[in-house]
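Written out below as structure tokens is the structure these notes cover.
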Amino acid sequence: MTDQIRVRFAPAPTGYLHVGSARSALFNWLYARHTGGTFVLRIEDTNEELKQDEFIDAILEPLQWLGLDWDEGPHFQSERTHLYVAAIEQLVADGKAYFCNMSREQIDARCEADGLPSGYHGFSRDLGLPDSDDAVVRFRVPDSGTTVVDDSIRGRVEFENANLEDFVIRRSDGSPVFLVANAVDDADMGITHVVRGEDLLNTTPKVQLLWEALGYGPTPTYAHLPLLVNEARKKLSKRRDDVSLGEFREKGYLPQAMLNYLALLGWGPNDEVEIRPIEEIIAQFDLADINKGSAFFDTKKLDHINGEYIRMQSAEAFLADAEPYVSGADAPWPEANYSAEVFAALAPEVQTRVAVHSEAPNFVDWVFADEVSYDEKSWKKGIQKAKMVPEIFEGVIAKFETCDWTADTIKDAVFGVGEELGAKSQVPVRVAVTGRNFGIPLWDALEAMGREKTIGRIRSAQAQLDT
RNA sequence: GCCCCCAUCGUCCAGCGGCCUAGGACGCCUGCCUUUCACGCAGGUAACACGGGUUCAAAUCCCGUUGGGGGUGCCA
């Protein structure tokens, strides 16, 4: 099958996988699934420092979490070095590459001496230097002509060869650089479409020049994706931006929601339905429809989409996902106070209110905590600005002391006092008991919390009132 | 400096020469529902960067300007 599509995701293992890389992986995967092609995973660990198992896991694990399954690989470039070395030897033998022993400093000094703008200028090109311990191999870039990158997102992108330097293809320690590994592997693995970030567009003519010099035939089609940027519209960076996929996972984002959101960055369905199953996205996806402009990674919208996915979860699934955030020692209350039954009963009300699972404790903390602290704004709005608060507290306490302790009777007691006094009684009670003027319905939660604890909370609010 | 890319509401996307008095989503605002908040529902706010062409007709094609971004390593 000659027109079988083959794409690859080829990250360098430089730490955790971030959302930008995940988006590249996703678009490759979508294209493979859309066309019935093959998705190859390749780890670009050409650099000695990058060959570490934990770095590899940092890539594989998030991909698995997202459900981006690969059909081939992972191939490791560190295990294929002999192929790149052979390619470099061939280029040298053919006179298409040569040895150079100039250091960066020497190059700069030479430029200054010759009054040239900084750059390499092919200084050692025709010196016929031998290989040596401190020598690099440089590729002989043609002096004239144009290298054309065929990009299915950007069209034909032309680079004048005269603007390209004789770039290094083998380091002085003998290791090949990624440009060589790229050409060799893409050829060897039969890659038909290279889908990756736009930050690599400028390296593409170099790879194509190598490709041609190595006699590999037609080059793959490229698709350089628009960059994902931060609020300042700068390329997302691990150092600056909070973009670790693992962190999103820890906060309780769902992989399906993350995938759905990522698919909407640089691409969009033309029927304007944004939140939809991945199968529908696969069906509609095409490289030709990808945007050119960079996209802001907006966690507000991610939160909204994640919230929608949470609301689509079954009660059981939600409970299972929220459970780790409320049952452990990290929860904001004494661990011994926690009751799985109580949380399970309240969970459906929590489910409509959270954007991510890690927010779950914020809605039930007051039920399990010994004491509650009053949110300043809530106190002001719900107590200070409310009418007849002392009377409401008096009346509610009196009823609470004697009434049956069920959700219904609790509700009747609170509303009853409000009616008798002609005032709204729920919010003051809510603030007194939960510390806030918003949250899940009180009644079931109060029943679970118990009569004494509830009355105690209102009493301490009364005390606050007097001070 | 040089090379390359880009430009529709604050943000993400739809638009591929007439269906556009520019559509959807997030955010924000208003109302309904509700004796909280949220969900849900109904509304509102807000954009084709600018200037020239081409054409009967341009957000859509071409050129320029401006603005933004990326790359310029013995990192990938």
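Naming: A, B, ... by sequence-line order, numbering from 1 per chain.
Within 4.0 Å of A:Arg104, counting heavy atoms only, lie sugar-phosphate atoms of the nucleic acid but no base atom. Within the nucleic acid shown, A:Thr203 comes within 4.0 Å of at least one base atom, counting heavy atoms only. Across all strands, A:Ser425 comes closer than 4.0 Å to base atoms (heavy-atom distances).
Going from the P atom of B:G23 to that of B:C16 covers 14 Å, rounded to whole Å. Using C1' as the reference atom, B:G10 and B:A49 are 16 Å apart when rounded to the nearest Å. When the C1' atom is compared between B:A46 and B:U30, the two are found 16 Å apart, to the nearest whole Å.
Taking atom CD of A:Glu349 as the reference point, atom C1' of B:U34 lies 12 Å away to the nearest angstrom. Summarising the geometry, the separation between NE2 on A:His224 and C1' on B:G69 is reported as 15 Å, rounded to the nearest angstrom.
Base pairing annotation: B:A25 forms a Watson-Crick or G-U wobble pair with B:U11, both donor-acceptor distances under 3.5 Å.
Electrostatic pairing of A:Arg125 and A:Asp166 counts as a salt bridge here, judged by a charged N lying under 4.0 Å from a carboxylate O. Under a 4.0 Å N-O distance rule, the pair A:Asp151/A:Lys292 does not qualify as a salt bridge.
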What nitrogen or oxygen pairs link the protein and nucleotides 3-13 of chain B at under 3.5 Å?
residue: B:C5; atom: O2'; partner: A:Arg154; partner atom: NH1; Å: 2.8
residue: B:C5; atom: O2'; partner: A:Glu198; partner atom: OE2; Å: 2.8
residue: B:C12; atom: OP1; partner: A:Arg233; partner atom: NH1; Å: 3.2
residue: B:C12; atom: OP1; partner: A:Arg233; partner atom: NH2; Å: 2.9
residue: B:C12; atom: OP1; partner: A:Phe296; partner atom: N; Å: 3.1
residue: B:C12; atom: O2'; partner: A:Leu264; partner atom: O; Å: 2.8
residue: B:C13; atom: OP1; partner: A:Gly266; partner atom: N; Å: 2.7
residue: B:C13; atom: OP1; partner: A:Asn291; partner atom: OD1; Å: 3.4
residue: B:C13; atom: O5'; partner: A:Asn291; partner atom: OD1; Å: 3.4
residue: B:C13; atom: O3'; partner: A:Gly268; partner atom: N; Å: 3.4

Find every protein N or O atom lying less than 3.5 Å from an N or O atom of nucleotides 40-42 of chain B, and list the pairs.
residue: B:G40; atom: OP1; partner: A:Glu308; partner atom: OE2; Å: 3.3

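Applying the ring pair (Phe, Tyr, Trp, His ring centres under 6.0 Å) criterion to A:Tyr84, with sequence neighbours excluded, gives no partner residue.
Checking A:Asn260 against A:Tyr309 by side-chain atom types alone, a donor-acceptor pair falls below 3.5 Å. When only modelled atom types and interatomic distance are considered, A:Asp134 and A:Ser132 share a side-chain donor-acceptor pair under 3.5 Å.
Annotation: A:Tyr374 is in aromatic contact with A:Trp379 [ring centroid separation under 6.0 Å].
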